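Quick caveat, the model's predicted, so the values are computed rather than measured.
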Amino acid sequence: MIDRLVAAIDGSEAAKRSLDTMINLAKAMTIQPDIVLVSVKVPMPPLTGMGVVVSEDLLDAYYEKAQQETLAAAEQKLSAAGLKYSVRKELGDPAEFIVRAAEETGAKMIFMGSRGMGAFGNLMLGSTSNKVLHLSKVPVVVTH
């Protein structure tokens with residue numbers, strides 16, 4: 001039984017289409033699954049003297065605001081569809097956290113977008129999507 005799905009949200013158009021695909025699938029299921037929205041930001045690399053200019057609290061507030069903005073539209077779509085969801089936010093390697101979130105929550109599938117750039121880029125998966133496909137033990141749906 002598919003009782004939980006992970007949706008990786010990064011604000012891209014492909015991720016938005018992936019979420020729409022997941023919502024359509026979830027609404028068609030007899031028992032609607034719980035959704036786990038995952039937002040991962042890659043932290044800025046530390047620079048010498050940066051702490052003098054930008055405090056850790058300021059950086060934390062920046063990441064929190066950026067993730068809230070990234071997740072807002074997805075949360076609105078899920079609420080409008082009447083689907084239950086939870087949110088997981090992290091700083092670090094996106095692919096590793098997406099896979100870990102699926103494992104820790106017992107999700108049966110991962111939905112995510114691929115960010116191709118131009119004609120050649122559209123033939124290849126993005127590095128995060130590719131890494132998730134290789135690390136995941138559950139099916140991954142990648143939307144272009």
### Task
Please step through side chain to side chain contact (heavy atoms under 4.5 Å, CB included) for the pair Asp3 and Ile31, ending with a clear verdict.
CA-CA 8 Å; Asp3 58 351; Ile31 299 174; over 6 Å; no
### Worked check of side chain to side chain contact (heavy atoms under 4.5 Å, CB included) between Lys108 and Val138
CA-CA 6 Å; Lys108 303 300 189 280; Val138 298; 5.6 Å; no
### Check against side chain to side chain contact (heavy atoms under 4.5 Å, CB included), Leu78 and Met22
CA-CA 10 Å; Leu78 290 170; Met22 188 206 61; 4.0 Å; yes
### Task
Show your reasoning for whether side chain to side chain contact (heavy atoms under 4.5 Å, CB included) applies to Val38 and Val36.
CA-CA 6 Å; Val38 175; Val36 180; 4.1 Å; yes
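Asn130 places no side-chain N or O within donor-acceptor distance of the main-chain N or O of Gly126, the cut-off being under 3.5 Å. Side chain of Arg17 to backbone of His144: a donor-acceptor contact under 3.5 angstrom is found. Of the possible polar contacts, one joining the Arg4 side chain to the Thr105 backbone as a donor-acceptor pair under 3.5 Å is found.
The side chain to side chain contact (heavy atoms under 4.5 Å, CB included) test applied to Glu75 returns Leu37, Gln68, Leu71, Tyr85, Val87, not counting sequence neighbours. Taking Glu13 as the reference, Lys16 meet the salt bridge (Lys or Arg N to Asp or Glu O under 4.0 Å) condition, with sequence neighbours excluded.
In this structure, Val40 and Val42 have side chains that are not in contact, with every pair of non-hydrogen atoms separated by 4.5 Å or more. Residues Val6 and Phe111 form no side-chain contact, since every pair of their non-hydrogen atoms from C-beta on lies 4.5 Å or further apart. Side-chain atoms of Thr143 and Met112, non-hydrogen and from C-beta on, never get closer than 4.5 Å to each other.
The shortest non-hydrogen separation linking Val142 to Gly113 is CG1-C, 4.2 Å. Gly82 and Gln32 get closest at one heavy-atom pair: O-OE1, 3.9 Å. Nearest heavy-atom pair, Gly92 versus Pro43, reported as atom, atom and distance to 0.1 Å: N-CD, 3.5 Å. Listed here is the closest heavy atom pair of Ile2 and Met109: CD1-SD, 4.1 Å. The minimum heavy-atom distance between Ala14 and Ser114, with the atom names listed, is CB-O, 3.1 Å. Residues Leu5 and Pro33 come closest through the heavy atom pair CD1-CG, 3.7 Å.
Distance CD/Glu90 to CD/Glu96: 10.5 Å, rounded to 0.5 Å. Note that NZ of Lys41 and CD of Gln67 are 6.5 Å apart. Values are rounded to the nearest 0.5 Å. In this structure, CD1 in Ile110 is found 8.5 Å from CG in Leu133, a value given to the nearest 0.5 Å. Of the inter-residue distances, the one linking Ser86 atom OG with Ile35 atom CD1 reads 9.0 Å to the nearest 0.5 angstrom. Distance check, rounded to the nearest 0.5 Å: OG of Ser129 to CG of Asp10 gives 8.5 Å. Annotation: the span from Ser39 atom OG to Tyr63 atom OH amounts to 12.5 Å, rounded to 0.5 Å.
If you chain together hydrophobic residues whose side chains sit under 4.5 Å apart, Val141 and Val99 never meet in one group. Hydrophobic clustering (side-chain heavy atoms under 4.5 Å, transitive across Ile, Leu, Val, Met, Phe, Trp, Tyr) keeps Val140 apart from Leu19.
Ion pairing between a basic and an acidic side chain is recognised when a charged N comes within 4.0 Å of a carboxylate O; Lys89 and Glu64 show such pairing. The residues Asp93 and Lys131 are annotated as salt-bridged, a charged nitrogen and a carboxylate oxygen being separated by less than 4.0 angstrom.
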